[in-house]
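We're numbering straight along the sequence, starting at 1.
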Amino acid sequence: MGKVLAVCISEKRGTEKKQIPAGDFKENWGIAEDAHAGRWHRQVSLLSAGKIEEFNKLGAQVDYGEFGENLVVEGIDFSALPVGARLRCNQVVLEITQIGKECHSHCNIYNRMGDCIMPREGVFAAVISGGRIAPGDNMEIIPYEGKRPFQAAVITLSDKGFRGERVDKSGPAIEDRLKKEGYEIIERLLLPDDEEALKSQLIRLCDQRQPDLILTTGGTGFSQRDITPEATMAVAHRNAPGIAEAIRAYSMKITSRAMLSRGVSVIRGRTLIINLPGSLKAVEESMDSFLNVIPHGIELLREEAHDCGEKGKN
């Protein structure tokens with residue numbers, strides 16, 4: 001059980017938030033009058049009071065709201081919770097959608113102290129049910145009702161597509177197929193064939209947004225610009241080679257050129273990353289080979305699966 005110590009808003013993005021007596025939380029929006037509210041995944045930001053206290057012991061003298069957080073709560077370590085965790089305070093229900101935040105430009109606190117805790121300790125949430133929260137109110141972690149839908153991100157690697165010289169068909173096809181299987185698409189990206197750019201996005205997605213699945217398309221061949229497998233392996237925590245092997249084995253029944261695909265399949269944190277080829281036909285064939293099997297793997301990553309030794313399952 002936690003206790004709310006402060007509710008903060010700002011009228012303009014990029015400015016420090018100011019404490020208010022109470023906040024009106026609107027479903028699928030955020031706090032009324034807050035500049036960061038909207039129909040996106042970062043509607044409300046939260047920070048643990050203990051983390052602020054530890055930082056202030058270094059002489060920071062940071063007041064509530066100055067990190068850009070909407071809610072300061074004692075008694076809950078938000079950064080230790082997974083994406084998908086739910087919190088209740090009065091009638092308000094929040095669902096964590098992102099852990100930490102990439103810092104593109106250093107804030108006044110960082111410039112003064114050489115550090116800022118918000119990028120690694122702050123979390124972001126969507127408002128599932130609205131209501132009012134004021135300092136002194138209690139907050140609790142609650143179980144998710146029902147089964148949380150699988151979430152996925154799709155990344156297309158294409159120099160020509162990134163420059164607008166080619167229309168990407170593989171990415172949308174992947175999205176359509178995943179949606180039919182019940183997946184929620186949380187992000188879609190179109191990147192050039194750039195190893196550092198892909199590594200950066202894979203790390204951000206896996207560590208902050210934590211989707212169950214990331215499918216990449218393109219960049220798996222022999223060309224010097226085909227860097228997708230190298231970038232994927234560079235960010236991996238664990239290898240999961242069986243999926244990539246199954247894709248090639250399945251595709252070899254259709255064309256012997258499938259042996260030229262260098263795609264890999266790996267795990268980072270609790271996210272499964274699978275490289276797919278760039279052509280529309282090859283993407284569809286590849287997904288035929290694994291889409292009905294990986295839900296069990298995802299449930300294992302979520303620690304939701306049971307009876308792994310059941311007949312017919314591996």
Side-chain angles (χ1 to χ4, degrees), residues 1-53 62-101 117-151 182 184-187 208-212 302 304:
M1 182 75 71
K3 179 181 287 186
V4 177
L5 299 187
V7 181
C8 313
I9 64 171
S10 59
E11 297 179 356
K12 184 179 179 181
R13 291 195 180 194
T15 62
E16 296 176 354
K17 297 186 185 296
K18 304 298 182 182
Q19 297 182 54
I20 57 175
D24 291 318
F25 287 70
K26 296 184 177 182
E27 183 176 325
N28 195 27
W29 184 259
I31 306 177
E33 309 301 330
D34 184 55
H36 288 84
R39 298 192 183 281
W40 65 324
H41 70 284
R42 281 167 32 197
Q43 296 170 0
V44 178
S45 54
L46 303 94
L47 194 57
S48 302
K51 304 297 183 181
I52 299 176
E53 292 172 8
V62 178
D63 200 1
Y64 296 155
E66 292 185 22
F67 285 109
E69 74 278 16
N70 290 120
L71 290 173
V72 179
V73 181
E74 68 174 358
I76 299 178
D77 183 0
F78 293 118
S79 63
L81 298 177
V83 165
R86 288 195 168 186
L87 306 157
R88 176 186 288 129
C89 184
N90 303 328
Q91 298 301 312
V92 179
V93 176
L94 305 175
E95 181 174 315
I96 294 179
T97 56
Q98 180 171 314
I99 308 295
K101 177 180 179 293
I117 62 174
M118 193 64 183
R120 60 180 180 273
E121 302 291 351
V123 306
F124 300 85
V127 181
I128 305 302
S129 297
R132 172 166 281 214
I133 296 178
D137 291 340
N138 292 326
M139 178 176 286
E140 62 178 336
I141 302 169
I142 62 173
Y144 192 98
E145 295 183 3
K147 184 175 180 180
R148 186 164 63 93
F150 291 151
Q151 294 185 326
E184 177 187 347
I185 309 300
I186 63 169
E187 283 199 32
Q208 295 179 9
R209 300 217 61 190
Q210 301 179 3
D212 300 290
R302 283 187 171 188
E304 294 177 351

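Side chains of Thr97 and Ile186 form no contact here, defined as non-hydrogen atoms less than 4.5 Å apart. Between Arg302 and Phe150, the closest side-chain pair of non-hydrogen atoms falls below 4.5 Å. Residues Arg86 and Ile141 form no side-chain contact, since every pair of their non-hydrogen atoms from C-beta on lies 4.5 Å or further apart. Side chains of Pro211 and Glu184 form no contact here, defined as non-hydrogen atoms less than 4.5 Å apart. Between Ile133 and Phe25, the closest side-chain pair of non-hydrogen atoms falls below 4.5 Å. Counting only heavy atoms from C-beta outward, the side chains of Lys101 and Arg120 never approach each other to under 4.5 Å. Looking at heavy atoms from C-beta onward, Glu69 lies in side-chain contact with Met118 at the 4.5 angstrom threshold. Counting heavy atoms from C-beta outward, Cys89 and Asn138 have side chains that stay 4.5 Å or more apart.
Pairs passing the salt bridge (Lys or Arg N to Asp or Glu O under 4.0 Å) check and including a residue from residues 134-144, sequence neighbours excluded, read Arg88-Glu140. Screening residues 122-135 for salt bridge (Lys or Arg N to Asp or Glu O under 4.0 Å) gives Asp24-Arg132 as the qualifying pairs, with residues at least two apart or on separate chains.
For Glu53, there are no side-chain hydrogen bond (donor to acceptor under 3.5 Å, both in side chains) partners two or more places apart in sequence or in a different chain. Scored by the ring-ring contact (aromatic ring centres under 6.0 Å, His included) test, Tyr64 finds no partners at all (sequence neighbours excluded). Scored by the side-chain hydrogen bond (donor to acceptor under 3.5 Å, both in side chains) test, Arg148 finds no partners at all (sequence neighbours excluded).
Panel note: side chain Ser48, backbone Gly75; no donor-acceptor pair is recorded below 3.5 Å. Checked by atom type and distance alone, the side chain of Asn70 pairs as donor or acceptor with a backbone atom of Cys8 at under 3.5 Å.
In terms of heavy-atom proximity, Ile117 sits nearest to Lys51 at CD1-O, 3.6 Å. Counting all heavy atoms, side chain and backbone alike, Ala37 lies closest to Gly30 at CB-CA, 4.0 Å. Residue Lys17 comes nearest to Gly68 through the heavy atom pair CE-O, 2.8 Å, listed as atom of the first residue, atom of the second, then distance. Minimum interatomic distance between Gly182 and Pro149 (heavy atoms only, all atoms of both residues): O-CB, 4.2 Å. Closest heavy-atom contact between Gly130 and Val92: C-CG2, 3.9 Å. Across Asn28 and Arg39, no two heavy atoms sit closer than the pair ND2-NH1, 3.0 Å.
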*Step by step, would you call His41 with Gln98 a side chain to side chain contact (heavy atoms under 4.5 Å, CB included)?*
CA-CA 8 Å; His41 70 284; Gln98 180 171 314; 2.8 Å; yes
_Under the criterion side chain to side chain contact (heavy atoms under 4.5 Å, CB included), I'd like the reasoning laid out for Val127 against Val44: C-alpha separation, chi angles, the key distance, then a yes or no._
CA-CA 7 Å; Val127 181; Val44 178; 3.7 Å; yes
*Given the rule in the side chain to side chain contact (heavy atoms under 4.5 Å, CB included) test, do Tyr144 and Glu95 qualify, once you have shown the distances and angles that lead to the verdict?*
CA-CA 9 Å; Tyr144 192 98; Glu95 181 174 315; 3.4 Å; yes
*Do Lys3 and Val73 pass the side chain to side chain contact (heavy atoms under 4.5 Å, CB included) test, and can you show the C-alpha distance, the side-chain angles, and the key distance before you say yes or no?*
CA-CA 5 Å; Lys3 179 181 287 186; Val73 181; 5.7 Å; no
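Taken from CD1 in Ile31 to CD1 in Ile20, the straight-line distance is 6.0 Å, to the nearest 0.5 Å. A distance of 5.5 Å separates OG of Ser10 from NE2 of His36, quoted to the nearest 0.5 Å. The distance from atom CG of Leu47 to atom CD of Glu66, rounded to the nearest 0.5 Å, is 12.0 Å. The structure places CH2 of Trp40 at 11.0 Å from CH2 of Trp29, a figure rounded to the nearest 0.5 Å.
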Output side-chain donor-acceptor pairs under 3.5 Å for residues 76-84, partner residues at least two apart or in another chain, one line each.
{"unit_1": "Asp77", "atom_1": "OD1", "unit_2": "Ser79", "atom_2": "N", "d": "3.4"}
{"unit_1": "Asp77", "atom_1": "OD1", "unit_2": "Ser79", "atom_2": "OG", "d": "2.9"}
{"unit_1": "Ser79", "atom_1": "OG", "unit_2": "Glu121", "atom_2": "OE1", "d": "2.9"}

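Between Asp34 and Gln43, the side chains place no donor N or O within less than 3.5 Å of an acceptor N or O (distance only, hydrogens not considered).
Residue Gln91 qualifies as open at atom CD: its count of foreign heavy atoms under 6.0 Å is 12 or below.
The existence of a salt bridge linking Glu187 and Arg209 is confirmed by a sub-4.0 Å separation between a basic side-chain nitrogen and an acidic carboxylate oxygen.
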